[in-house]
Amino acid sequence: MSSALTDLFPYPIVQAPMAGGVSVPHLALAVSEAGGLGFLAAGYKTADGMYQEIKQLRGLTNRPFGVNLFMPQPDSADPAAVDVYAHQLAGEASWYEAELGDPDSGRDDGYDAKLAVLLDNPVPVVSFHFGVPTREVLESLRKAGTVTLVGATTPDEALAVERAGADAVIVQGVEAGGHQGTHRDLPESDGSGLGLLSLIAQVRETVSLPIVAAGGIMRGSQIAAVLSAGAQAAQLGTAFLATPESGANALHKQALTDPLFTRTQLTRAFSGRPARGLVNRFMREHGPYAPAAYPEIHHLTSPLRKAAAKAGDAQGMALWAGQGHRMAREMPAAQLVEVLAAELAAAGTALSSGGGAG
């Protein structure tokens, strides 16, 4: 199965699917055409919205690409805690002249409808975030000719991925920007995430699945490191967020290297689920009080985040970013793939000759 995945793209470089309008077709197009694997993000879109993006991308390239789905979430949020948080956000709503969103706007992200589209119109690769699909779903996709990837943040989660019958596991280290793809959101586990290299080593000793490594990777030398550790490919999000093809807000792109934003942190402030972003005012003021309630809090804060972006206020936006954000390079996505591949080759040469840079 390793070759089933890596035969699809010349370079072991996967562009992470970033929901919320970042992973647009032209970003996936540029990455796939350059020899990586581009991804569309179906999260927060309707099934038809996802299909239209697939159709658009197919009209632009014959290269393989992937589509990422969010798994439906259990109904485990405490409505009273969501209400309390909504009251705490009243001042934000007043400041941005925006209404809070409806926390009960849906929790399955149109999963069944999206699966139906992907079975009727198969794509080369489908990945899953926030849990593991059933064996029946994975088998149906395989019969349709689709390679399946499922995220994991622990060795036990990787074992669940293998048992379900996925073709490969995306091993996500705690360094990663955006949402941690934990299979279950357990507040008591906050702060216990594993770093990527340690996680790869543990997963390799737990399962025999091919590994795609994700989390804080910004340079070709880091890709070389995860390949040496046992991964078959590396998945990069923040590195591609900064490219001109990315659909991220300009303020978000600028913030990655803005000295004003000195660090990242995992927070529930914007969505109710742990996600890594640049520390800003909203995160500092509301993060300590945000309940474990996804996607309720995501729906609740959505109008606030949109209003902050419209007002040009990065302090009220969800500035998702991995720990390597300061290493972001503003260059076209295709050029970034080529640079990463050249850095990877150089790192391999240095490794084989027994030394690194002087």
Side-chain angles (χ1 to χ4, degrees), residues 2 5 12-14 16-18 68 70-71 73 127-133 148-164 166-219 221-239 241 263-279 283 287 290 292 294 320-327:
S2 173
L5 175 66
I13 297 169
V14 179
M18 295 168 279
N68 174 258
F70 286 173
M71 293 297 299
Q73 297 301 291
S127 68
F128 297 85
H129 204 50
F130 298 145
V132 187
T148 55
L149 314 179
V150 181
T153 63
T154 67
D156 283 346
E157 289 182 351
L159 191 58
V161 171
E162 184 174 58
R163 286 172 173 166
D167 293 321
V169 59
I170 300 170
V171 172
Q172 185 193 36
V174 74
E175 304 94 330
H179 284 96
Q180 287 284 296
T182 49
H183 295 180
R184 296 176 63 205
D185 182 19
L186 303 172
E188 59 268 29
S189 299
D190 285 2
S192 64
L194 293 169
L196 181 57
L197 286 177
S198 175
L199 183 57
I200 292 171
Q202 292 181 50
V203 168
R204 275 197 77 195
E205 295 190 4
T206 306
V207 303
S208 58
L209 284 177
I211 292 170
V212 177
I217 301 171
M218 302 293 287
R219 296 286 187 266
S221 58
Q222 293 171 289
I223 298 174
V226 299
L227 296 183
S228 296
Q232 276 68 48
Q235 180 170 282
L236 292 75
T238 305
L241 190 149
R263 62 191 179 94
T264 65
Q265 188 172 301
L266 287 168
T267 185
R268 296 179 188 274
F270 297 102
S271 72
R273 228 182 192 278
R276 184 174 298 282
L278 300 172
V279 176
M283 192 187 294
Y294 177 86
W320 304 138
Q323 288 183 342
H325 65 95
R326 284 200 172 279
M327 301 167 75

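Residue Ala158 comes nearest to Ala152 through the heavy atom pair N-CB, 3.5 Å, listed as atom of the first residue, atom of the second, then distance. Across every non-hydrogen atom of Ala233 and Leu227, the tightest pair is N-CD2, 3.7 Å. For the pair Gly322 and Thr264, the tightest heavy-atom approach, listed with the atom from each and the gap, is O-CG2, 3.7 Å. In terms of heavy-atom proximity, Pro274 sits nearest to Asp190 at CG-OD1, 3.9 Å. Across all their heavy atoms, Leu266 and Arg276 have their closest contact at CD2-N, 3.5 Å. Closest non-hydrogen pair, Ala164 versus Pro133, comes out as CB-O, 3.8 Å.
Aromatic ring pairs are classed by plane angle as parallel below 30°, tilted from 30° to 60° and perpendicular above 60°; the pair His179 and Phe130 is perpendicular.
Residues Met71 and Val132 have side chains not in contact (no heavy-atom distance under 4.5 Å, counting atoms from C-beta outward). Using a 4.5 Å heavy-atom threshold, the side chains of Gln232 and Ile211 count as touching. With a 4.5 Å cut-off on side-chain heavy atoms, Ile217 and Leu196 count as touching. In this structure the side chain of Leu5 reaches within 4.5 angstrom of the side chain of Leu149, judged on heavy atoms. Side-chain contact between Leu194 and Pro155 is present, with heavy atoms from C-beta onward closer than 4.5 Å. Val169 is not listed as a side-chain neighbour of Val212, based on a closest heavy-atom distance of 4.5 Å or more. Looking only at side-chain heavy atoms (C-beta outward), Ile170 and Val14 stay at 4.5 Å or farther from each other.
Partner Asp185 forms a side-chain hydrogen bond (donor to acceptor under 3.5 Å, both in side chains) with one of Gln180, Arg273, Gln73, Arg268 and no other, that one being Arg268.
Within 6.0 Å of CD on Glu188 lie more than 12 heavy atoms contributed by other residues, nucleotides or ligands. For Arg204, the CZ atom counts as loosely surrounded, since its 6.0 Å shell holds 12 or fewer non-hydrogen atoms of other residues, nucleotides or ligands.
Within the model, atoms CZ of Arg263 and NE2 of His325 stand 10.0 Å from one another, a figure rounded to the nearest 0.5 Å. Rounding to the nearest 0.5 Å gives a distance of 6.0 Å between CD of Gln265 and CE of Met283. We find the CZ-CG distance between Arg163 and Leu209 to be 11.5 Å, quoted to the nearest 0.5 Å.
Between the side chains of Gln202 and Ser198, at least one donor-acceptor pair of N or O atoms lies under 3.5 Å. Remark: the Ser208 side chain and the Glu162 side chain contain an N/O donor-acceptor pair separated by less than 3.5 Å.
In this structure, the side chain of Thr154 engages the main chain of Glu157 through a donor-acceptor pair within 3.5 Å.
Applying the ring-ring contact (aromatic ring centres under 6.0 Å, His included) test to pairs two or more places apart or on separate chains, none has a residue in residues 180-201.
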